Amino acid sequence: MKLRKIKADFYLQNSVSAAKALLGKYLVRRQGASVMAAKIVETEAYRGKNDPGSHAFVKRTPRNEVMFGPPGRAYVYFCYGNHYLFNIVTEPEGTAGAVLIRAVEPVAGIKRMKKNRGAEGINITNGPAKFTQAMAIGREQNRTDLTKNEIYVCDGQKEKFGIVSKSRIGIKTGLDLKWRFYIKGNSYVSKP
DNA sequence: GGACCGATGTTCT
DNA sequence: GAACATCGGTCCG
(Lines give C-alpha, C1' and ligand atoms only; values in the text may rest on other atoms or scores of the structure.)
Protein backbone atom coordinates (compact mmCIF):
# COMPACT_ATOMS: atom_id res chain seq x y z
CA MET A 1 0.00 0.00 0.00
CA LYS A 2 1.25 3.43 -0.88
CA LEU A 3 1.03 6.08 1.82
CA ARG A 4 1.45 9.74 1.12
CA LYS A 5 1.64 12.36 3.87
CA ILE A 6 -1.09 15.00 3.61
CA LYS A 7 -0.19 18.65 3.06
CA ALA A 8 0.22 21.01 6.00
CA ASP A 9 -2.52 23.38 4.84
CA PHE A 10 -5.11 20.64 5.37
CA TYR A 11 -5.03 21.54 9.06
CA LEU A 12 -5.99 25.17 8.43
CA GLN A 13 -9.63 24.34 7.80
CA ASN A 14 -12.29 24.43 10.48
CA SER A 15 -12.49 21.53 12.90
CA VAL A 16 -15.84 20.20 11.74
CA SER A 17 -14.90 19.80 8.09
CA ALA A 18 -11.47 18.49 9.11
CA ALA A 19 -13.10 15.86 11.33
CA LYS A 20 -15.13 14.57 8.38
CA ALA A 21 -12.21 14.78 5.98
CA LEU A 22 -9.94 12.77 8.28
CA LEU A 23 -12.19 9.70 8.10
CA GLY A 24 -10.59 7.03 5.91
CA LYS A 25 -7.14 8.61 6.16
CA TYR A 26 -4.23 6.82 7.82
CA LEU A 27 -2.53 7.72 11.05
CA VAL A 28 1.12 6.67 11.06
CA ARG A 29 3.29 6.34 14.15
CA ARG A 30 7.03 5.77 13.88
CA GLN A 31 9.18 4.59 16.73
CA GLY A 32 12.74 4.19 15.52
CA ALA A 33 12.69 1.41 12.95
CA SER A 34 9.18 0.23 13.65
CA VAL A 35 6.06 1.66 12.06
CA MET A 36 2.43 1.41 13.01
CA ALA A 37 -0.40 2.60 10.79
CA ALA A 38 -4.15 2.67 11.25
CA LYS A 39 -7.16 3.94 9.35
CA ILE A 40 -9.11 6.69 11.09
CA VAL A 41 -12.72 5.53 11.45
CA GLU A 42 -14.18 7.83 14.13
CA THR A 43 -13.55 11.49 15.03
CA GLU A 44 -15.04 14.37 16.99
CA ALA A 45 -14.66 18.09 16.31
CA TYR A 46 -13.98 20.60 19.07
CA ARG A 47 -13.76 24.33 18.62
CA GLY A 48 -13.46 27.24 21.06
CA LYS A 49 -15.97 30.00 21.35
CA ASN A 50 -19.50 28.77 20.57
CA ASP A 51 -18.60 25.22 21.56
CA PRO A 52 -19.55 24.62 25.20
CA GLY A 53 -18.22 21.07 25.05
CA SER A 54 -14.67 22.16 24.29
CA HIS A 55 -11.75 22.51 26.68
CA ALA A 56 -11.11 25.86 25.04
CA PHE A 57 -14.64 27.24 25.56
CA VAL A 58 -14.05 29.26 28.73
CA LYS A 59 -10.59 30.67 28.17
CA ARG A 60 -7.05 29.97 27.17
CA THR A 61 -5.16 28.06 29.87
CA PRO A 62 -1.80 26.25 30.01
CA ARG A 63 -3.56 22.97 29.32
CA ASN A 64 -5.58 23.96 26.26
CA GLU A 65 -2.90 26.33 24.96
CA VAL A 66 -2.01 23.93 22.13
CA MET A 67 -5.53 24.22 20.67
CA PHE A 68 -4.95 27.93 20.06
CA GLY A 69 -1.52 27.42 18.56
CA PRO A 70 -0.45 26.57 15.03
CA PRO A 71 -2.45 23.83 13.26
CA GLY A 72 -1.03 20.42 12.41
CA ARG A 73 0.19 19.73 15.93
CA ALA A 74 -0.83 16.97 18.32
CA TYR A 75 -2.83 17.84 21.43
CA VAL A 76 -2.45 14.95 23.84
CA TYR A 77 -3.84 15.18 27.33
CA PHE A 78 -4.37 12.98 30.32
CA CYS A 79 -7.92 12.14 31.28
CA TYR A 80 -9.74 10.31 34.07
CA GLY A 81 -6.64 9.22 35.91
CA ASN A 82 -5.27 6.65 33.46
CA HIS A 83 -5.97 7.59 29.88
CA TYR A 84 -4.37 9.66 27.12
CA LEU A 85 -6.50 11.16 24.37
CA PHE A 86 -5.07 12.28 21.04
CA ASN A 87 -6.28 15.32 19.10
CA ILE A 88 -5.10 17.02 15.93
CA VAL A 89 -5.00 20.82 16.15
CA THR A 90 -6.86 22.59 13.35
CA GLU A 91 -7.88 26.15 12.38
CA PRO A 92 -5.45 29.05 11.96
CA GLU A 93 -3.12 30.03 14.79
CA GLY A 94 -5.01 32.06 17.39
CA THR A 95 -8.30 30.24 16.79
CA ALA A 96 -8.98 27.26 19.04
CA GLY A 97 -9.82 24.01 17.33
CA ALA A 98 -8.98 20.33 17.36
CA VAL A 99 -10.19 16.97 16.12
CA LEU A 100 -10.31 14.15 18.65
CA ILE A 101 -9.48 10.77 17.12
CA ARG A 102 -11.84 8.30 18.77
CA ALA A 103 -11.16 5.06 16.94
CA VAL A 104 -8.90 3.59 14.25
CA GLU A 105 -8.56 0.33 12.35
CA PRO A 106 -5.05 -1.20 12.49
CA VAL A 107 -3.41 -1.80 9.11
CA ALA A 108 0.32 -2.14 9.87
CA GLY A 109 2.39 -3.02 12.91
CA ILE A 110 -0.59 -4.87 14.35
CA LYS A 111 1.55 -7.25 16.35
CA ARG A 112 3.16 -4.37 18.15
CA MET A 113 -0.19 -2.75 18.89
CA LYS A 114 -1.50 -5.96 20.40
CA LYS A 115 1.55 -6.14 22.59
CA ASN A 116 1.20 -2.50 23.69
CA ARG A 117 -2.46 -3.00 24.55
CA GLY A 118 -2.51 -6.56 25.79
CA ALA A 119 -5.73 -7.07 23.87
CA GLU A 120 -7.10 -8.78 20.77
CA GLY A 121 -9.44 -7.96 17.91
CA ILE A 122 -11.44 -4.76 17.86
CA ASN A 123 -10.47 -4.18 21.48
CA ILE A 124 -7.03 -3.02 20.36
CA THR A 125 -8.23 0.30 18.97
CA ASN A 126 -12.01 0.79 19.32
CA GLY A 127 -11.86 3.74 21.73
CA PRO A 128 -10.02 7.04 22.14
CA ALA A 129 -7.80 5.89 25.02
CA LYS A 130 -7.37 2.40 23.58
CA PHE A 131 -5.69 3.34 20.34
CA THR A 132 -3.35 5.81 22.06
CA GLN A 133 -2.13 2.95 24.21
CA ALA A 134 -1.84 0.67 21.18
CA MET A 135 0.18 3.26 19.24
CA ALA A 136 2.32 4.35 22.19
CA ILE A 137 1.04 7.93 22.29
CA GLY A 138 1.36 9.68 25.63
CA ARG A 139 2.34 12.86 27.38
CA GLU A 140 5.63 13.14 25.48
CA GLN A 141 3.75 13.37 22.19
CA ASN A 142 1.87 16.51 23.19
CA ARG A 143 2.67 19.33 20.73
CA THR A 144 4.28 16.92 18.25
CA ASP A 145 4.50 18.51 14.81
CA LEU A 146 2.55 16.28 12.40
CA THR A 147 4.50 17.54 9.39
CA LYS A 148 7.50 15.69 10.84
CA ASN A 149 7.96 11.92 10.88
CA GLU A 150 7.13 10.77 14.41
CA ILE A 151 3.37 10.96 13.95
CA TYR A 152 1.62 11.99 10.74
CA VAL A 153 -1.46 11.50 8.58
CA CYS A 154 -1.57 10.00 5.09
CA ASP A 155 -4.22 10.10 2.41
CA GLY A 156 -6.63 7.19 2.35
CA GLN A 157 -7.38 4.74 -0.45
CA LYS A 158 -10.10 5.53 -2.93
CA GLU A 159 -13.04 3.95 -1.24
CA LYS A 160 -16.63 4.90 -0.71
CA PHE A 161 -18.20 4.90 2.70
CA GLY A 162 -21.13 6.49 4.47
CA ILE A 163 -20.47 9.06 7.18
CA VAL A 164 -22.70 9.05 10.24
CA SER A 165 -23.04 12.25 12.27
CA LYS A 166 -24.01 12.12 15.97
CA SER A 167 -23.71 13.93 19.28
CA ARG A 168 -20.30 13.78 20.89
CA ILE A 169 -19.63 11.29 23.65
CA GLY A 170 -18.64 11.81 27.26
CA ILE A 171 -19.58 15.47 27.59
CA LYS A 172 -22.69 17.10 29.05
CA THR A 173 -22.86 20.35 27.11
CA GLY A 174 -22.96 21.10 23.42
CA LEU A 175 -24.96 17.95 22.73
CA ASP A 176 -27.05 19.74 20.13
CA LEU A 177 -23.95 19.92 17.94
CA LYS A 178 -23.66 16.73 15.92
CA TRP A 179 -19.90 16.82 15.70
CA ARG A 180 -19.06 13.17 16.11
CA PHE A 181 -18.41 11.45 12.79
CA TYR A 182 -17.73 7.85 11.94
CA ILE A 183 -17.55 5.46 9.01
CA LYS A 184 -20.85 3.67 8.68
CA GLY A 185 -20.62 -0.05 9.37
CA ASN A 186 -16.97 -0.09 10.49
CA SER A 187 -16.56 -2.52 13.36
CA TYR A 188 -13.89 -0.46 15.15
CA VAL A 189 -16.27 2.43 15.85
CA SER A 190 -16.46 2.81 19.63
CA LYS A 191 -20.20 3.32 20.02
CA PRO A 192 -22.22 2.77 16.82
C1' DG B 1 -25.65 -6.47 25.42
C1' DG B 2 -26.89 -2.87 28.66
C1' DA B 3 -26.46 -0.37 33.27
C1' DC B 4 -23.76 0.67 36.91
C1' DC B 5 -19.37 1.66 39.30
C1' DG B 6 -14.57 2.22 40.94
C1' DA B 7 -9.86 3.49 39.67
C1' DT B 8 -7.02 7.34 39.09
C1' DG B 9 -4.31 12.18 38.30
C1' DT B 10 -4.55 16.68 36.43
C1' DT B 11 -6.78 21.02 36.07
C1' DC B 12 -9.27 24.78 37.64
C1' DT B 13 -12.43 26.91 41.37
C1' DG C 1 -12.42 19.62 46.38
C1' DA C 2 -15.13 18.88 42.32
C1' DA C 3 -15.15 17.84 37.63
C1' DC C 4 -13.53 15.30 33.94
C1' DA C 5 -13.59 14.37 25.64
C1' DT C 6 -12.55 6.69 29.65
C1' DC C 7 -11.97 1.74 30.50
C1' DG C 8 -12.79 -2.73 32.22
C1' DG C 9 -14.98 -5.30 35.36
C1' DT C 10 -19.38 -7.02 37.39
C1' DC C 11 -24.05 -7.71 37.75
C1' DC C 12 -28.57 -8.59 35.52
C1' DG C 13 -31.27 -9.95 32.10
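Per chain, numbering begins at 1; letters A, B, ... match sequence-line order. Predicted model only: the values in this text are computed from it and were never measured.
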Self-check item: Near-parallel close stack of A/Y46 and C/dA5 base (under 5.5 Å, under 30°)
Solution: yes
Practice problem: Among the candidates C/dC4, B/dT8, B/dT13, find the nucleotide nearest to the side-chain atoms of A/K59. | Solution: B/dT13
Quiz item: Once you round it to whole Å, what is the distance between C1' of C/dC4 and NE2 of A/H55?
Solution: 7 Å
Exercise. Using the six-membered ring wherever Trp is involved, compare the ring planes of A/F78 and A/Y84 and label them parallel, tilted or perpendicular (cut-offs 30° and 60°).
Key: tilted
Quiz item: A/Y84 has an atom OH; how far is it from atom P of B/dT11, in whole Å?
Solution: 11 Å
Quiz prompt | Strand partner of B/dT8, provided both Watson-Crick or wobble distances fall under 3.5 Å | solution = none
Quiz item: To the nearest Å, how far apart are A/I124 CD1 and C/dG8 P?
Solution: 12 Å
Exercise. Identify the residue among A/R112, A/K130, A/M135 that makes a side-chain contact (heavy atoms from CB on, under 4.5 Å) with A/R117.
Key: A/K130
Practice problem: May I ask you to say what A/S54 touches in the nucleic acid, namely base, sugar-phosphate or nothing, with a heavy-atom cut-off under 4.0 Å? | Solution: nothing
Self-check item: Cationic tip of A/R29 above A/F131 ring, under 6.0 Å, 45° of axis
Solution: no
Quiz item: Under the criterion side chain to side chain donor-acceptor pair (under 3.5 Å), which of A/R180, A/K166, A/K191 is the partner of A/E42?
Solution: A/R180
Exercise. Tell me which nucleotide among C/dA5, C/dG8, B/dT13 gets nearest to the side chain of A/K130.
Key: C/dG8
Self-check item: Candidates C/dT6, B/dT11, B/dT8 - which lies nearest the side chain of A/I169
Solution: C/dT6
Quiz prompt | For atom CG of A/N142 and atom C1' of B/dT11, their distance in whole Å | solution = 14 Å
Exercise. Output yes when at least one side-chain N/O atom of A/R102 is less than 4.0 Å from OP1 or OP2 of C/dT6, else no.
Key: yes
Exercise. Side chain of A/R117 only, please: which of C/dT6, C/dG8, C/dA5 is the nearest?
Key: C/dG8
Exercise. Identify whether any heavy atom of A/R168 sits under 4.0 Å from a base atom; if not, whether one sits that close to sugar-phosphate; answer base, sugar-phosphate or nothing.
Key: nothing
Quiz item: Which part of the nucleic acid, if any, lies within reach of A/K172 when heavy atoms closer than 4.0 Å are counted: base, sugar-phosphate only, or nothing?
Solution: sugar-phosphate
Quiz prompt | Flag side-chain contact, heavy atom, 4.5 Å: A/R47 against A/W179 | solution = yes
Quiz item: Taking CZ from A/R63 and C1' from B/dG9, how many angstroms apart are they, rounded to a whole number?
Solution: 11 Å
Exercise. To the nearest Å, give me how far apart CG (A/N82) and P (B/dG9) are.
Key: 7 Å
Quiz item: Quick check: does any side chain N or O of A/N14 sit under 3.5 Å from a backbone N or O of A/E91, one acting as donor and the other as acceptor?
Solution: no
Practice problem: Answer with base, sugar-phosphate or nothing: what part of the nucleic acid does A/G81 contact at a heavy-atom distance below 4.0 Å? | Solution: base
Practice problem: Rounded off to whole Å, could you give me the CG-to-P distance for the A/N87 and C/dA5 pair? | Solution: 11 Å
Quiz item: What integer distance in Å separates A/E42:CD from C/dA5:C1'?
Solution: 12 Å
Quiz item: Mind checking who C/dA5 pairs with, Watson-Crick or G-U wobble, both distances under 3.5 Å?
Solution: none
Self-check item: Residue whose closest nucleotide on DNA chain B lies nearer the 5' end, A/R139 versus A/H83
Solution: A/H83
